[in-house]
2 protein chains.
Amino acid sequence: MRLLIYRFLAEKQVAVTLSDIENAFDKADRTTLYRTIKTFEEKAIVHQIDDGTGITKYALCEKGCNCEIETDLHLHFHCNNCNETVCLTAHKIPQIKVPKGFVSENVNLVVKGICDKCSGH
Amino acid sequence: MRLLIYRFLAEKQVAVTLSDIENAFDKADRTTLYRTIKTFEEKAIVHQIDDGTGITKYALCEKGCNCEIETDLHLHFHCNNCNETVCLTAHKIPQIKVPKGFVSENVNLVVKGICDKCSGH
DNA sequence: GCACTAATGCACTTCCATTGCATGCGTTAA
DNA sequence: TTAACGCATGCAATGGAAGTGCATTAGTGC
Ligand SMILES: [Mn+2]
Ligand SMILES: [Mn+2]
Ligand SMILES: [Zn+2]
Ligand SMILES: [Zn+2]
């Protein structure tokens, strides 16, 4: 099961929800899929993405990411048209200045707009 | 009711959840509070904040913000210690570069860490 | 007071996330 | 060969937050 889910995530180029996985594996129980993803998360195989849709999405971590230590520093893009969310792993989050007294530990950055597939160029 | 809720938001210095408001006004019905906040949101009196906790929070818009037209451009800070979220209205979100073909419409930026009250200086 | 509109309250629903408990299955150790 | 154990799976139930339909009430202008 874990292998199957891993492969499913690997071939997908976008972040997926739990119900995406459920649809792909309708013979398996929701709980199994849920716990598999949670296991992946603990082991820093996938990372969670909160793109503001209210439904948490998951995507494979890139090689050499340090999810366990620090949050992924790349930004995420959510398309308002096709509703898909992608990791822009090549685009690192710039240093954010915070006021005196505040200590920044990690940053969550989601850009919304139109993705390359939907913008048509 | 609207006045009361407005004042409640005004004296709070942090973003509040719906259940925060419920606790503050336990005589009123959830629905009323819910719809009041939604009205405020439509009228751009408050803006919604998704700080990644899974529970949407709300905070008063600053004077002259253009929430109706564009999303608020300031960043939000979520404290991992006291679990409070504040608007850093003075800190605008820097321009984010996106890959070719992507069109950025708005940006959600949440910094997590330790707030000034919790860091102790 | 009457009529109309807007605000409030109650109940119910939906959706997602999460958990307890029972069962199954495979591997190891007696 | 079997008993025991750990772990994966499945089923069912729970909880929390968000949202909605409908009845009732309050307020406002006439
Ligand atoms: Mn990512
Ligand atoms: Mn804000
Ligand atoms: Zn798209
Ligand atoms: Zn704090």
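Note on naming: letters A, B, ... go to the chains in the order of the sequence lines (proteins, then strands), and numbering restarts at 1 for each one.
The CD-C1' distance, from B/Gln48 to D/dA18, rounds to 11 Å in whole Å. Counting to the nearest Å, the C1' atom of D/dA17 and the CD1 atom of A/Ile55 are 13 Å from each other. Put simply, CZ on B/Phe25 is 17 Å from C1' on C/dG9, counting in whole angstrom units. Spacing between atom NZ of B/Lys57 and atom P of D/dG16 amounts to 17 Å, rounded to whole angstrom units. Between the CD atom of B/Glu42 and the P atom of D/dG19 there is a distance of 12 Å, given to the nearest Å. C/dC15 atom P lies 13 Å from atom CG of A/Asn23, rounded to whole Å. Atom CD1 in A/Ile49 sits roughly 17 Å away from atom P in C/dC16 (whole-Å rounding).
Remark: the B/Asp20 side chain and the B/Thr17 side chain contain an N/O donor-acceptor pair separated by less than 3.5 Å.
Looking at A/Tyr34 and A/Lys38, their side chains come closer than 4.5 Å, going by heavy atoms from C-beta outward. Counting heavy atoms from C-beta outward, B/Ile49 and B/Cys87 have side chains that approach closer than 4.5 Å.
Rounding to the nearest 0.5 Å places NZ of B/Lys100 at 11.0 Å from OG of A/Ser119. The CD1 atom of B/Ile55 sits 10.5 Å away from atom CG of B/Leu18, with the distance rounded to the nearest 0.5 Å.
Non-hydrogen atoms lying under 4.0 Å from DNA chain C are contributed by A/Arg30, A/Thr31, A/Tyr34, A/Arg35, all within residues 29-36 of chain A. Taking every heavy atom of residues 1-22 of chain B and every atom of DNA chain C, pairs under 4.0 Å involve B/Met1, B/Arg2, by number.
Within the 6.0 Å centre-distance limit, the rings of B/Phe25 and B/Phe8 are counted as a close aromatic pair.
Both B/Val107 and B/Leu88 are members of a single hydrophobic cluster when ILVMFWY side chains are connected at heavy-atom separations under 4.5 Å.
The aromatic rings of B/His47 and B/His76 lie parallel to each other, with less than 30° between the two planes, well short of the 60° mark.
Between B/Thr56 and D/dA17, a side-chain N or O to OP1/OP2 separation shorter than 4.0 Å is absent.
Note on A/Glu22 versus A/Arg30: salt bridge recorded, some NZ/NE/NH1/NH2 to OD/OE distance being below 4.0 Å.
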